[in-house]
Amino acid sequence: MINNIMNFIGSILFSFKTLKKVSFMYSFIKNISNILLPIIAIFMTYLVKDIVDKLASKDIGDLVSITVCVLIYCTLKIIIGFLNGCIEYSTEMESNKLRKNMGEDIIKKSLELDIEWYDNATLYDELQYVQYNYNSIANLTNGIIEIFSSIISLAVICIIALDKLWIYTIIMIISCIPSGIAKFSFTKKIYKFNIDRLSEERKVDYIVSLVTDKNYAQDFRQYPTKSLLLSKYRIICELMFGERRKILFKKLIVSSISLLLPEIVLLGIILSVIFKISRNEMTVGDFSLYVGLISQLCGNMSRVVYSIDGIIEDSNKVSFYKQFINKKNNVNDGFRHIKDINTIELKKISFKYPFTENYIFKNLSLHINSGDKIAIVGENGAGKSTMIKLLLRFYDVDEGEIVINGFNIKEYVVGELRSCIGIYFQNNNNYAFKIIENITLRESTDINLSNVVEALKLSGLNKVIKNKKISLSSYNTKLFNKDGVELSGGENQKLSLARTIYMNKKLLIFDEPSAFLDAKSEYEFFKGIRNKYKDRTLIYISHRLTNIVKSDRIVVIKNGEVIEEGFFDELMNNKGVFYEYYGLYK
């Protein structure tokens, strides 16, 4: 209970602090307007009473004062319209600024998070969820201001109404309590439902994203996928719809019943005022005043109830967002700085991915010296790419240690360690940005042109640019520019290879660098790399075994261990696993 209260208070303070930093002016205008509106409404109710009483007296001498009251009333109506406009404008601007700020925070945090977040469905659901709740911070502060404004109005109304209708005022306040309790109860149920269904929501989003992704467009037109996709989409949606409908229908019934009580009390007040007027205990203007005030009282109580309902829901969302922003990584910085990687030693390492049972490596050992040209070979799932992830510290080993330049890899600053490695990932990702931005992945003011020229030449991308009659400023795909270029699989691979080469690092790793290249491009790439980088450490992972014949050393991995290691001729003469692989390949 105490923790829930502390989280609630923490969420409120976090929201106000965030809005102060992101959108102080717009939040101030919106909140002041929200506070002024009910106060002006009460004053206008008084004006109506005064006007009605003076009209009922039929005193022509009051014509001037009636006119003044009407003018004031109209002026206040204009002010209310202006304040509502200010609220609408400032709310929209506040939302835009908040979305931008929270979007930046989510991008930065997502880039800092361990890769583990993307491997675990539950954690990935959380990452997806925070993206759709950026308005919760503004909504939470709005709710607090709504309650503050309503309390002021309630206090003023109670002071006025208690004079003659004190019993009805108290009954009206009490009659609104059941509605608040009902809303509080269902708010918790709906929030729990939404959290429990994050996985289903992500699946729905995934199916929609598939049909809007051009990478899948050909498959969906070649194969009868329409019924499959619609079936999966409908099953998930109908399941969620049915469960949500039950909760919302119960909320509708309970809320409707609980809202009847205030309306019955209001009816009793109206009849009571009419009775008092008939006995000359009240004026016609009093009818307008008290019925108006009690109606506002009922409205303000409803606002408080709705605000509390929203505050509880939004405080949960803000708390969720805070937890996301404050998530701690398992892979953390060490204290050592590093500029280059010379030697690498894997000492009896064992590793399994989080939330899995099977080990990828078990007591694996490997030593790589500066300048070595190493080829890593093994069946699919043997752990070749996983070894690269461990060298990049996307994960840490469970047992043993990885030693870089004589020190445990965990002792180095993570960002500096990764910046020492030029890596080509086998998934071959490129982006809908300019060609030059795809190569450098940095701002144009921080580009090394000599590295760009070398990357274009060694990757073969210079020939692609020439043949397609495009430039480095051309966009890859048409997503950002209608004149963008669509590259083939091999051309995309050359673009990715150019990115790796541009990094110009002493250690270069190529994970399946020629999967989409034709025979000539493949030959030219490996020849260029060997000739250009004779003094650098190169690690190849490839199923195209002809590419690795001239490696200094071939390492064969199977069942989580290094089972063979040596020169090409040596391994062929041994007629072991590599000999078998090479024979199958030929």
Please report the C-alpha distance between Ile435 and Leu461 in whole Å, then the side-chain angles of each, then the deciding distance to 0.1 Å, and finally whether the side chain to side chain contact (heavy atoms under 4.5 Å, CB included) criterion is met.
-> CA-CA 10 Å; Ile435 299 295; Leu461 187 63; 4.3 Å; yes
Are Tyr359 and Glu399 close enough, and set up right, to give a side chain to side chain contact (heavy atoms under 4.5 Å, CB included), and what steps lead you there?
-> CA-CA 11 Å; Tyr359 277 89; Glu399 299 173 20; 4.0 Å; yes
Salt bridge (Lys or Arg N to Asp or Glu O under 4.0 Å) with Glu416: which residues, sequence neighbours excluded?
-> none
Provide the closest heavy-atom pair for Glu491 versus Leu487 in the form atom of the first, atom of the second, distance.
-> OE1-CA, 3.5 Å
What pairs meet the side-chain hydrogen bond (donor to acceptor under 3.5 Å, both in side chains) rule with one or both residues in residues 563-578, with sequence neighbours excluded?
-> Arg553-Glu565
Contacts satisfying side-chain hydrogen bond (donor to acceptor under 3.5 Å, both in side chains) that involve residues 344-357 (not counting sequence neighbours) are Tyr353-Thr386
Salt bridge (charged side-chain N to carboxylate O under 4.0 Å, His left out) between Glu512 and Lys384: does it pass, once the steps are laid out?
-> CA-CA 10 Å; Glu512 297 294 350; Lys384 304 182 296 296; 5.7 Å; no
Take Lys494 and Ser521, measure what side-chain hydrogen bond (donor to acceptor under 3.5 Å, both in side chains) needs, and give me the verdict at the end.
-> CA-CA 9 Å; Lys494 291 177 181 179; Ser521 297; 3.2 Å; yes
Derivation and outcome, side chain to side chain contact (heavy atoms under 4.5 Å, CB included), residues Leu366 and Met387 | CA-CA 11 Å; Leu366 179 65; Met387 184 184 296; 4.0 Å; yes
Do the side-chain N and O atoms of Gln426 and Ser385 include a donor-acceptor pair separated by under 3.5 angstrom?
-> yes
Qualifying residue, where the test is side chain to side chain contact (heavy atoms under 4.5 Å, CB included) with Ile539 and the options are Leu507, Leu508, Asp511 | Leu507
Are the side chain of Asn481 and the backbone of Tyr475 linked by a donor-acceptor contact shorter than 3.5 Å?
-> no
Hey, mind stepping through Ile368 and Thr343 against side chain to side chain contact (heavy atoms under 4.5 Å, CB included) and telling me if it holds?
-> CA-CA 6 Å; Ile368 301 173; Thr343 61; over 6 Å; no
Side-chain donor-acceptor contact under 3.5 Å, Asn429 with Ser496 = no
